[in-house]
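Reading through the structure tokens given below for one structure.
All chains are named by letter (A, B, ...) in the order of the sequence lines, taking the proteins before the strands, and each is independently numbered beginning at 1.
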Amino acid sequence: MNLFADIRSAVIEALDAMVAAGALPAGLDMTAVAVEPPRDAAHGDMATNAAMVLAKPAALAPRAIAEDLAARLAADPRLTHAEVAGPGFINLRLAPSVWQAVVQTALRAGADFGRSTLGQGQRVNVEFVSANPTGPMHVGHTRGAVFGDALAALLAFSGHDVTREYYINDGGAQVDVLARSAYERYREANGLEPEIREGLYPGDYLIPVGEALKAKYGASLLDQPESVWLEDIRSFATEAMMAMIRDDLALLGVKMDVFSSEKALYGTGQIEAAIETLRGMGLIYDGVLEPPKGKTPEDWEPREQTLFRSTAHGDDVDRPVKKSDGSWTYFAPDIAYHYNKVQRGFDALIDVFGADHGGYVKRMKAAVSALSGGRVPLDIKLIQLVKLWKNGAPFKMSKRAGTFVTLRDVVEQAGADVTRFVMLTRKNDAALDFDFDKVLDQSKDNPVFYVQYAHARISSVLRKAVEAGVAVDDATLAGQDLTGLTHPAELQLARKIAEWPRLVEIAAKSNEPHRVAFYLYELASDLHSLWNRGNDDSTLRFVQEGDATTTQAKIALARATGVVISAGLAILGVTPVEEMR
RNA sequence: GGCCCCGUAGCUCAGGGGAUAGAGCGACCGCCUCCUAAGCGGUAGGUCGCAGGUUCGAAUCCUGCCGGGGCCGCCA
């Protein structure tokens with residue numbers, strides 16, 4: 001399915017033949033042999049570095065290896081040229097029939113074109129969002145949600161068994177604050193003046209929670225001490241917040257497989273068990289940390305704490321798991337939670353965190369490394385800030401001023417498709433500008449519409465063909481003779497389609513779904529380019545009046561492009577449009 | 001002070017150790033009697049922050065420095 005991998009196999013076979021013929025020594029490590037698209041298209045369709053990589057271990061001149069290898073490769077019917085160039089590259093040019101066959105492959109595979117078994121069914125847990133259940137999701141969570149969901153889809157497409165998981169931080173002090181805030185709204189619902197003291201959550205979103213509490217408890221909790229109502233209201237409010245967050249996620253089209261509760265770890269011995277497991281490895285001890293160098297906090301005083309020897313697994317300092325009063329730090333349940341994920345049998349873990357959690361990466365990796373005996377890799381993807389722009393100026397957010405922008409605000413203004421695509425137009429670790437004016441702009445300046453427009457144009461020619469009485473169902477197109485597709489612009493588009501399976505593999509290996517968005521932009525560009533050539537050269541139009549056979553061949557190419565665009569958009573969670581009028 | 005991320009064209013950013021480093025925007029010059037011009041073609045624009053190192057080969061890997069951002073025991 002991956003043409004680059006196919007040709008690489010041919011290169012390896014030719015190298016093996018050279019070994020058999022005594023032209024190369026036996027036992028060479030060929031893992032570094034690559035077949036890639038050259039940076040400069042003038043160099044051909046593909047290039048291999050085999051001669052340069054093998055020159056040293058074989059103790060031969062790169063050009064000597066290259067000449068021999070190129071001669072052998074030239075015998076492959078798929079290759080029209082195999083030439084030595086530069087310091088020892090072999091530039092390969094593929095026969096048009098190869099590219100034409102790719103179009104047919106794409107049409108036959110449909111939405112599965114590019115799907116691979118790379119992951120070999122490995123069970124991967126992608127934990128993302130995990131927003132505190134204390135309020136609605138804001139724009140920063142949105143990027144993490146889109147990223148995590150697209151990454152999960154990408155990994156699933158690449159043959160992994162993926163679990164999307166949300167960790168509910170419902171065990172810490174912040175949910176007590178939520179409960180107290182909700183209690184004030186409950187008092188308000190009963191006609192009393194709420195006291196939203198400093199440190200409580202002032203948001204309006206708790207007003208309906210207060211009313212719901214009144215409906216449930218009437219006036220029975222008024223003037224009662226906190227000890228009476230805290231636990232009940234906390235769980236009530238937390239559930240209400242999670243319901244809201246689920247709604248927010250649904251707006252974006254994100255569906256979690258598992259919600260895990262921090263609170264559920266307490267009182268069940270899971271935290272203790274995780275810590276004891278570490279203790280059994282000699283990684284837990286009581287000690288006093290050094291103060292941070294340079295900037296010692298004013299109130300610093302040495303205190304004995306229970307520490308995790310994370311330095312044994314790559315961290316810079318050991319980390320406390322218990323506060324000086326003996327209660328757990330937030331890190332302890334995190335350890336237990338990750339231990340839980342390891343015990344559930346995942347082969348790999350991925351955490352998607354906000355960039356402000358960058359300081360926890362090493363300790364979390366240390367914990368997973370220790371608790372899994374190094375068996376389970378943990379990759380932590382940090383999501384950088386989203387800077388909002390509106391009317392040409394940065395949009396300042398402030399929780400206190402009530403101007404922070406929620407996920408709902410963004411999706412209601414921009415739409416889920418636009419929001420998702422734009423959020424993936426940057427690497428996860430680069431800051432992203434989200435400009436409310438630009439994301440809705442319907443021009444080529446907006447990558448979302450550029451890609452959608454390409455898909456719409458493809459749908460348009462399909463409709464035109466049907467109007468002209470030409471059969472353009474996928475089965476007909478896939479069986480079509482495509483030998484007429486020989487124009488450079490047509491072959492260029494076919495080449496781009498051929499890159500899709502390889503792109504998916506690269507993106508999946510690096511956990512970088514943004515690569516899909518960039519690829520789709522390039523693919524759309526090649527489609528638009530070919531389309532416009534039809535203006536100057538009418539033989540390049542997809543619909544050829546009075547020539548059903550040629551029309552079908554050209555539309556096969558267009559349709560294959562559409563198949564890849566919709567497959568790519570599906571990974572990003574974006575719906576392809578059929579028309580844009 | 002330590003750790004993490006970033007530094008690539010005027011701007012916003014791609015770029016898995018490969019050749020003469022790319023795209024979009026902005027600038028300039030062109031293209032609709034015709035499948036959607038919501039688009040396309042072309043020109044100009046670079047010491048890939050700096051200096052070393054590894055390598056046949058470095059924007060890419062390593063070290064040090066410079067600049068920007070983030071984080072740094074008893075908040076999650």
Mind calculating the distance between CG (Asp429(A)) and P (rC13(B)) to the nearest angstrom?
-> 12 Å
Round to a whole Å and report the spacing from CG of Asp433(A) to P of rA14(B).
-> 11 Å
How about Ser443(A) and Asp441(A): does a side-chain donor come under 3.5 Å of a side-chain acceptor?
-> yes
Between [N] and [M], how many Å separate the two [atom1] atoms, rounded to a whole number?
{"N": "rG26(B)", "M": "rC13(B)", "atom1": "C1'", "result": "14 Å"}
{"N": "rC5(B)", "M": "rA37(B)", "atom1": "C1'", "result": "42 Å"}
{"N": "rC56(B)", "M": "rC66(B)", "atom1": "C1'", "result": "32 Å"}
{"N": "rG57(B)", "M": "rC4(B)", "atom1": "C1'", "result": "30 Å"}
{"N": "rA9(B)", "M": "rU47(B)", "atom1": "C1'", "result": "13 Å"}
{"N": "rG67(B)", "M": "rC50(B)", "atom1": "C1'", "result": "11 Å"}
{"N": "rC6(B)", "M": "rG73(B)", "atom1": "C1'", "result": "28 Å"}
{"N": "rU12(B)", "M": "rA27(B)", "atom1": "C1'", "result": "16 Å"}

For rC6(B), does the glycosidic angle fall within 90° of 0 (syn) or outside that (anti)?
-> anti
Can you tell me the pairing partner of [N] across any strand shown, Watson-Crick or G-U wobble, with both distances under 3.5 angstrom?
{"N": "rA19(B)", "result": "none"}
{"N": "rA9(B)", "result": "none"}
{"N": "rA51(B)", "result": "rU63(B)"}
{"N": "rG1(B)", "result": "rC72(B)"}
{"N": "rG26(B)", "result": "none"}

Does Glu83(A) pair with Arg93(A) as a salt bridge, N-O distance under 4.0 Å?
-> no
SB check Asp176(A) Arg234(A) (cutoff 4.0 Å) | yes
Nearest listed nucleotide, side chain of Asp316(A), among rA14(B), rC3(B), rU36(B) = rC3(B)
Selection from rA19(B), rC31(B), rA37(B) that lies nearest to any side-chain heavy atom of Trp531(A) = rA37(B)
Below the 4.0 Å mark, does [N] have OP1 or OP2 next to a side-chain nitrogen or oxygen of [X]?
{"X": "Ser529(A)", "N": "rC40(B)", "answer": "no"}
{"X": "His528(A)", "N": "rA23(B)", "answer": "no"}
{"X": "Lys554(A)", "N": "rC35(B)", "answer": "no"}
{"X": "Lys362(A)", "N": "rC4(B)", "answer": "yes"}
{"X": "Lys427(A)", "N": "rC6(B)", "answer": "no"}
{"X": "Arg457(A)", "N": "rA37(B)", "answer": "yes"}
{"X": "Tyr450(A)", "N": "rC40(B)", "answer": "yes"}

Should the ring pair His357(A) and Phe353(A) be called parallel, tilted or perpendicular, given that the plane angle runs from 0 to 90° and is split at 30 and 60?
-> tilted
Using the ring of each side chain (for Trp, its six-membered ring), is Tyr337(A) parallel, tilted or perpendicular to Tyr167(A), with breaks at 30° and 60°?
-> parallel
Stacking check Phe89(A) vs rG18(B) (5.5 Å / 30 deg) = no
Between the protein and nucleotides 56-63 of chain B, which nitrogen or oxygen pairs come in under 3.5 angstrom?
{"from": "rC56(B)", "atom 1": "OP1", "to": "Lys56(A)", "atom 2": "NZ", "distance (Å)": "2.4"}

Should the heavy atoms of other residues, nucleotides or ligands under 6.0 Å from CD of Glu304(A) be counted, would the total exceed 12?
-> yes
With sugar-phosphate meaning primed atoms plus P, OP1 and OP2, does Ala431(A) contact a base, only sugar-phosphate, or nothing at under 4.0 Å between heavy atoms?
-> sugar-phosphate
